[in-house]
Number of protein chains: 2
Amino acid sequence: MLQVHQQTRTVPANIGWREADVARRATLAKDPLAALESLGTTMAVRRGQEIYAEGDPAECCYKVVEGSVRTVKLVADGGRQIGDILLPGDFFGFDSFGEHYFSAQAISASVVKRYPRRAVVTRAQGDATLARHLNELTAKALQAARRQMVRLCRTSASERMASFLLEMADRSEGADGYIHLPMSRSDIADYLGLVIETVSRVFSQFKQDRLITMKDVNHIRLVDRDMLVELQGDI
Amino acid sequence: MLQVHQQTRTVPANIGWREADVARRATLAKDPLAALESLGTTMAVRRGQEIYAEGDPAECCYKVVEGSVRTVKLVADGGRQIGDILLPGDFFGFDSFGEHYFSAQAISASVVKRYPRRAVVTRAQGDATLARHLNELTAKALQAARRQMVRLCRTSASERMASFLLEMADRSEGADGYIHLPMSRSDIADYLGLVIETVSRVFSQFKQDRLITMKDVNHIRLVDRDMLVELQGDI
DNA sequence: CGTCAGATTGACCAGAATCAAAGTCAGTGG
DNA sequence: CCACTGACTTTGATTCTGGTCAATCTGACG
């Protein structure tokens, strides 16, 4: 995942930036990636539809315009690892040269913008500022991937879940204070390196401990954010 | 970690390329990063010495010339995650903008070359080809980090160890067929997300199963490479 | 109402961590 | 030359987190 550049919040860095943030910033400073926009074409994808597959030649990169996207790696035993959960404004598919290591699928019906890599590279050749911004984007994605690595490797199930909820809250908390989770328990599990039963159990525990409440399975409100922050540890 | 570009071997991609490989290639195609060399200054570091700390402003990037380097992230409970193990020819510290997320320390007495970021960026501004190569390097490091994430999250202790041994064999197998591991069991454990006892037990198991032999704790020969490859799975 | 996919809960199990005790080896000094 | 030290490694016993297997529960939809 490539993120729009800038680092101001004290928040896990694999969190992307919302379209809204980008738009807001654009009024202050010009969007450093605006130079790309004219290269892109917009396309709609259905829920579950694959945008690109593992091993596909990495001919294009993308941005989520509406909806949500996951990147997925299938592993030997039939398991799945979700690399990123992408929301509007997030870039993805920039990371690969040669071929895509993850596939990308729409979690819900979505709109994505596609940029042909060749055209992006060509434009970057002639626009040093764009090139620098692209590289910073990739570097930030790398830092985010490293952070996620530590998270998956060094934290307990409940720490991961706390971290996940805080991340999602920061990215998509609605005006009513509820987070909308566009993905299933299975997606959450595969993103956090857990199984669905564990995800479900931790949700139940959090409810019991009055850390969260749930309107329905996909709408969650963080009641005790401080406790969740403490729980997640300082990764 | 940034790797010298090119992708030919069927080997885990977070493996760097040896100086020897780079030199060999340079006789065929010009080293795409040769443009950087004049910007670098060489420095010696003692065993255990810190090259930069977590949170330090990322003012320089580096390449290992001799010896070995680890990147380290300290986690809440006093634990440690090693992000990369770097051998001669490997670049590191390129990934961070702003500040370093990991620290870097010499595993053994080493020589590293340091490149001021400002100068690198300036040169890249005026050299589109260099800029492209730098970005590809970062993208490859990102892909490697993602692969490592999957490895740490989805595989058993012995799969990780098999993968680690094959990786190290590919990077530093000597003429006598022995791999020299410059790091302690503790480093291996923290690189693979295990504890030292588990690392030790898996080594013992591998010896018992005639997959490896050991001259001493730091010199290992892969006896049954095919079996190790099978063990590591297809991450 | 029945069906079906997804979510929850419970009982049990396995793999790796933790706790504890030796074993190895290089270096030091009598 | 040998005993002593201290760091590192290996091995064993036990614990515990999270996975596996299995049984409901829930809610959307025809």
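So you know, we letter chains A, B, ... as the sequences are listed, proteins then strands, and number each from 1.
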**Prompt:** Do the side chain of A/R160 and the main chain of A/T155 share a donor and acceptor less than 3.5 angstrom apart?
**Reply:** yes

**Asked** Do any N or O atoms from the side chain of A/E54 and from the backbone of A/L74 form a donor-acceptor pair under 3.5 angstrom?
**Response** yes

Could you check how far [atom1] of [X] sits from [atom2] of [N], rounded to whole Å?
X: B/M214; N: D/dT9; atom1: CE; atom2: P; result: 9 Å
X: A/L181; N: C/dG6; atom1: CG; atom2: C1'; result: 15 Å
X: B/L192; N: C/dA17; atom1: CG; atom2: P; result: 11 Å
X: B/D190; N: C/dA17; atom1: CG; atom2: P; result: 11 Å
X: A/M183; N: C/dG6; atom1: CE; atom2: P; result: 15 Å
X: B/Q208; N: D/dT11; atom1: CD; atom2: C1'; result: 12 Å
X: B/I220; N: D/dT9; atom1: CD1; atom2: P; result: 11 Å
X: B/I196; N: C/dA20; atom1: CD1; atom2: C1'; result: 13 Å

**Message:** Any non-hydrogen side-chain atom of B/R114 less than 4.5 Å from a side-chain atom of B/E59?
**Reply:**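 SC-SC contact between B/R114 and B/E59 ruled out.
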
**Asked** Tell me, do B/M161 and B/I188 make a side-chain contact under 4.5 Å, heavy atoms counted?
**Response** yes

Ring of [Y], cation from [X] - is the NZ or CZ under 6.0 Å from the centre and inside 45° of the axis?
X: B/R221; Y: B/Y178; value: yes
X: B/R117; Y: B/F97; value: yes
X: A/K73; Y: A/F102; value: no
X: A/R146; Y: B/Y101; value: no

**Message:** Heavy-atom count check: over 12 atoms from other residues, nucleotides or ligands less than 6.0 Å from B/E230 CD?
**Reply:** no

**Nucleic acid footprint by protein, nucleotides 23-30 of chain D - heavy-atom cut-off 4.0 Å, B for base, S for sugar-phosphate alone** = --------

**Request:** May I ask you to check whether A/F91 and A/F94 place their ring centers less than 6.0 Å from one another?
**Result:**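 Yes; A/F94 has its ring centre under 6.0 Å from that of A/F91.
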
**Message:** Over all strands shown, is B/S184 touching base, sugar-phosphate only, or nothing at heavy-atom distances under 4.0 angstrom?
**Reply:**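 Since only primed, P, OP1 and OP2 atoms lie under 4.0 Å of B/S184, the category is sugar-phosphate.
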
Can you pull every protein N or O that's under 3.5 Å from an N or O on nucleotides 16-20 of chain D?
from: D/dG18; atom 1: OP1; to: A/A157; atom 2: N; distance (Å): 2.7
from: D/dG19; atom 1: OP2; to: A/T198; atom 2: OG1; distance (Å): 2.5
from: D/dT20; atom 1: O4; to: A/R201; atom 2: NH2; distance (Å): 2.9

**Residues A/S163 and A/R151: side-chain donor-acceptor under 3.5 angstrom** = yes

Tabulated below should be each protein N or O lying under 3.5 Å from an N or O of nucleotides 21-27 of chain C; please produce it.
none

